[in-house]
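To start, the structure itself, in structure tokens.
Order of the sequence lines sets the chain letters (A, B, ...), proteins ahead of strands, with each chain counted from 1.
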Number of protein chains: 2
Amino acid sequence: MEALFKEKKVRVTAFRRTVYEIFEKYKSAISVNFIESELKDFDRITLYRTLKMFKEKGIIHEITFPYKEKKLALCKEDCKDNTETHNHDHIHFHCNQCKEVYCVDIPNFPHLNLTNYQVDKIEIQAMGTCAKCA
Amino acid sequence: MEALFKEKKVRVTAFRRTVYEIFEKYKSAISVNFIESELKDFDRITLYRTLKMFKEKGIIHEITFPYKEKKLALCKEDCKDNTETHNHDHIHFHCNQCKEVYCVDIPNFPHLNLTNYQVDKIEIQAMGTCAKCA
DNA sequence: TATTAAATGCAATAATGTTGCAATACTAAG
DNA sequence: CTTAGTATTGCAACATTATTGCATTTAATA
């Protein structure tokens, strides 16, 4: 983590370390709500600012499924340092059984060819049953 | 609209008609915020309840892009009447130029084959430049 | 270890969403 | 056409989620 933060020019503080370690601990994507429940004494504002900064620096990324709570997950090494240009070779998978959301690498990421539209980037959100629950 | 509402067992009221017509008027997906700005005299609670019900009945569907405002759009005829099982043969396209979100029909919707994961449904969110802005 | 820029914590406030309930409007039966 | 019964609306109150400004504290480095 120290190396990553240094590379991203982010100061290591006790609070940031704690938040980062929560992300590391859980393999699945987690919600702000969940992070709050994992922290004991904390300032909500500082948490929001920390998460916002993590997103801007490309340390974490947002995952949204319609009708579901927004989730956050650690980025792989290849994320750029702003929120708009995260680079994913993975899809997001929501398990209907355990309700967890996972980042899943896929070998050949689908390409989309739309007449009249110029597609720069696509995001794929999949729903179904995860490896553990299947 | 009368036919649709009747089929969905939804009472036609002045307010619901107004909200529905806003969706019809704009071809792109719209945010709650935008709907509020289109209405003059209205009760916010009634609006939230109307939108919630429209979603549950499969009249409209939610569209989410990470880092972007949640949007809503009319469903095509083939949507089931609950929020979880909307059936889309279209993708969602966010134009980086005009910032609008469109539902775009695509001929052969990609299929995803993940080892260990059972995929029931996928959502595709694309970003780029739309037909008008290109 | 002193300096200084960044991060934190608090207060205040904004935006977004929900619940309960009384008043009102609609629908269908007689 | 009227009435009973049910769904919808509008209000008050409240819950949740998020942001801003500012004084204080902390971390990096010279």
Side-chain angles (χ1 to χ4, degrees), chain A residues 1-23 29-72 81-83 101, chain B residues 1-23 29-72 81 83:
Chain A
M1 192 195 65
E2 275 75 9
L4 173 67
F5 276 31
K6 189 159 204 176
E7 180 211 322
K8 303 277 189 186
K9 297 188 176 55
V10 169
R11 268 195 203 174
V12 179
T13 67
F15 186 73
R16 289 173 181 177
R17 184 188 301 274
T18 306
V19 173
Y20 189 86
E21 283 168 353
I22 294 173
F23 278 105
I30 56 184
S31 68
V32 175
N33 224 335
F34 180 81
I35 298 170
E36 291 188 18
S37 73
E38 288 286 296
L39 296 165
K40 314 145 258 294
D41 267 347
F42 75 103
D43 182 68
R44 177 191 285 277
I45 292 94
T46 305
L47 176 59
Y48 281 123
R49 281 195 277 228
T50 299
L51 294 176
K52 189 177 184 183
M53 186 271 289
F54 276 8
K55 285 186 249 179
E56 285 166 358
K57 295 289 183 179
I59 295 170
I60 61 173
H61 64 282
E62 283 191 2
I63 305 171
T64 61
F65 278 81
Y67 315 107
K68 306 262 189 283
E69 200 179 13
K70 185 192 290 182
K71 302 229 170 170
L72 302 165
D81 50 339
N82 80 64
T83 51
V101 171
Chain B
M1 192 194 67
E2 275 75 8
L4 174 67
F5 277 31
K6 189 160 203 176
E7 181 210 321
K8 302 280 187 183
K9 296 188 177 56
V10 169
R11 265 191 206 176
V12 179
T13 67
F15 187 73
R16 289 173 182 176
R17 185 188 301 273
T18 306
V19 173
Y20 188 86
E21 283 168 355
I22 293 172
F23 279 105
I30 56 184
S31 67
V32 175
N33 225 334
F34 180 81
I35 297 170
E36 291 189 16
S37 74
E38 289 285 298
L39 297 165
K40 317 144 257 295
D41 267 348
F42 76 103
D43 182 68
R44 235 162 37 90
I45 292 93
T46 305
L47 176 59
Y48 281 121
R49 282 194 279 227
T50 299
L51 294 176
K52 190 177 184 182
M53 186 270 288
F54 276 8
K55 285 186 251 181
E56 286 166 358
K57 295 288 183 178
I59 294 170
I60 60 173
H61 63 282
E62 283 190 3
I63 305 172
T64 61
F65 278 80
Y67 314 109
K68 306 265 189 283
E69 199 179 15
K70 185 193 290 183
K71 302 230 171 170
L72 302 165
D81 50 339
T83 51

Closest listed nucleotide, where the reference is the side chain of I45(B) and the choices are dA12(D), dT17(D), dA7(D):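 Nearest to the side chain of I45(B) among the choices is dA12(D).
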How many whole angstroms separate atom [atom1] of [X] from atom [atom2] of [N]?
| X | N | atom1 | atom2 | answer |
| --- | --- | --- | --- | --- |
| F15(B) | dC11(D) | CZ | P | 12 Å |
| Y67(B) | dA18(D) | OH | P | 14 Å |
| K55(A) | dT19(D) | NZ | C1' | 13 Å |
| R17(A) | dT26(D) | CZ | P | 16 Å |
| L47(B) | dC11(D) | CG | P | 14 Å |
| K52(A) | dT17(D) | NZ | P | 18 Å |
| R44(B) | dT9(D) | CZ | C1' | 15 Å |
| E56(B) | dT8(D) | CD | P | 11 Å |

Do the charged groups of K68(B) and E62(A) touch, with an N to O distance under 4.0 Å?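 Looking at E62(A) together with K68(B), the answer is no, because their closest N to O distance does not fall below 4.0 Å.
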Is the shortest side-chain N to carboxylate O distance from E2(B) to R17(B) below 4.0 Å?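 Yes, this pair counts.
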Quick one: closest heavy-atom pair of [X] and [Y], and the distance?
| X | Y | result |
| --- | --- | --- |
| F5(A) | Y20(A) | CE1-CD1, 3.8 Å |
| Y48(A) | E36(A) | OH-OE2, 4.1 Å |
| F54(A) | R16(A) | CZ-O, 3.9 Å |
| V10(B) | I59(B) | CG2-CD1, 4.2 Å |
| F65(B) | T64(A) | C-OG1, 3.7 Å |

So which one's nearest nucleotide on DNA chain D is more toward 5', V10(B) or E69(A)?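 Its nearest nucleotide lies further toward 5', so the answer is V10(B).
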Using a heavy-atom cut-off of 4.0 Å across all strands, would you classify [X] as base, sugar-phosphate, or nothing?
| X | answer |
| --- | --- |
| R16(A) | sugar-phosphate |
| V12(A) | sugar-phosphate |
| T13(A) | sugar-phosphate |

When you match A14(A) and N33(B) each to their closest nucleotide on DNA chain C, which lands nearer the 5' end?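 First, find each residue's nearest nucleotide; the 5'-ward one identifies A14(A).
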Distance-only donor-acceptor test, R49(B) side-chain atoms vs dG10(D) base atoms, 3.5 Å: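 Indeed, a donor on one side and an acceptor on the other fall under 3.5 Å apart.
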Range on DNA chain C touched by chain B - first to last nucleotide, heavy-atom distance under 4.0 Å: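 Range of nucleotides touched by chain B: dT16(C) to dT27(C).
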